[in-house]
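First listed ligand is number 1; within each ligand, the first listed atom is number 1.
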Amino acid sequence: MEHSSKSAPLQPKDRLAVALDFPSAKLALDLVDRLDGSCLWFKVGMELYYAAGNSLIETLRGRGFNIFLDLKLHDIPNTVAGAVRSATQAGASLLTIHAAGGPAMMSAAAEAAAAPGAPRLLAVTVLTSMDAAELAAVGVSASPAEQVLRLARLAKHAGVDGLVCSAEEIGALRAELGREALLVIPGIRPSGSEVGDQKRVATPRSAIERGASMLVVGRPITRAANPAQAAKSILEEIAEAN
Ligand code: C5P
């Protein structure tokens with residue numbers, strides 16, 4: 001999944017993760033069934049993981065799917081390194097950590113993720129729910145854009161594989177991190193679909209054209225009348241944007 005000229009060309013299915021934002025394994029697996037094999041990657045976040053745990057990961061892995069475990073780890077280095085090892089055992093292929101945990105925490109995570117079979121690490125920089133006032137409230141005087149770049153540099157230096165970021169940040173982050181970094185983009189809305197609570201949205205085509213490695217799509221697929229058809233349209237858009 002590297003955004004690199006050296007690796008084999010990525011197929012559209014390798015570049016789309018469906019966010020399984022559900023409260024139970026049953027609801028998540030119902031959606032997976034309705035997708036009928038059209039998608040290969042599923043993002044499991046805190047809501048589903050705390051409800052369904054590793055047995056769901058095992059079920060999805062057993063069916064041949066790849067898991068993006070979005071747990072946004074943020075703790076002392078030793079604890080986060082242990083969590084990366086546990087996520088490796090669970091079979092995650094991608095795992096998120098908070099860049100705000102600092103250089104030592106990210107280095108410890110990257111070291112643990114160097115083991116065979118370990119997930120690739122993605123750092124989350126500034127939560128998209130935080131604006132300048134929220135940052136100031138926690139003692140950060142930099143603008144959100146400056147803080148994103150600062151944390152991105154730290155993540156790269158610590159050996160983290162990539163970042164989760166908005167489509168608007170792709171240009172600046174590619175310039176900073178180079179071609180190899182994995183840039184994974186949520187907030188994707190196919191033209192004509194509901195924006196919901198997302199603020200900085202992009203179409204699949206525009207995110208790929210700007211340099212996204214992979215897209216995360218939740219509700220435009222999970223709440224579609226026909227999820228498999230919605231996924232297929234997004235995959236076609238990814239293919240056309242290549
Ligand atoms: O339903 P929707 O397509 O908005 O889902 C997007 C997914 O990406 C959700 O799981 C959300 O938690 C996640 N995400 C996001 N914005 C971020 C980081 C993660 O929307 N900055």
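For the salt bridge (charged side-chain N to carboxylate O under 4.0 Å, His left out) condition, the pairs that include at least one residue of residues 211-222, sequence neighbours left out, are D197-R219.
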Please tabulate, for the side chains in residues 157-171, all donor-acceptor contacts under 3.5 angstrom to protein atoms that are two or more places apart in sequence or on a different chain.
unit_1: D161; atom_1: OD2; unit_2: L121; atom_2: N; d: 2.8
unit_1: S166; atom_1: OG; unit_2: E168; atom_2: N; d: 3.3
unit_1: E169; atom_1: OE1; unit_2: S166; atom_2: N; d: 3.0

Just distance, no hydrogens or angles: give the donor-acceptor pairs under 3.5 Å from side chains in residues 97-116, sequence neighbours left out.
unit_1: S107; atom_1: OG; unit_2: P103; atom_2: O; d: 2.9

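Taking 4.0 Å as the cut-off between side-chain N and carboxylate O, D30 and R34 do not count as a salt-bridged pair.
The local environment of NZ in K232 is sparse, with at most 12 non-hydrogen atoms from other residues, nucleotides or ligands closer than 6.0 Å.
Contacts of ligand 1 (protein heavy-atom distance under 4.0 Å) are A19, D21, K43, T128, P186, R189, Q198, V216, V217, G218, R219, P220.
Judged purely by distance below 3.5 Å, without hydrogens or angles, the side chains of D70 and Y49 never pair a donor atom with an acceptor atom.
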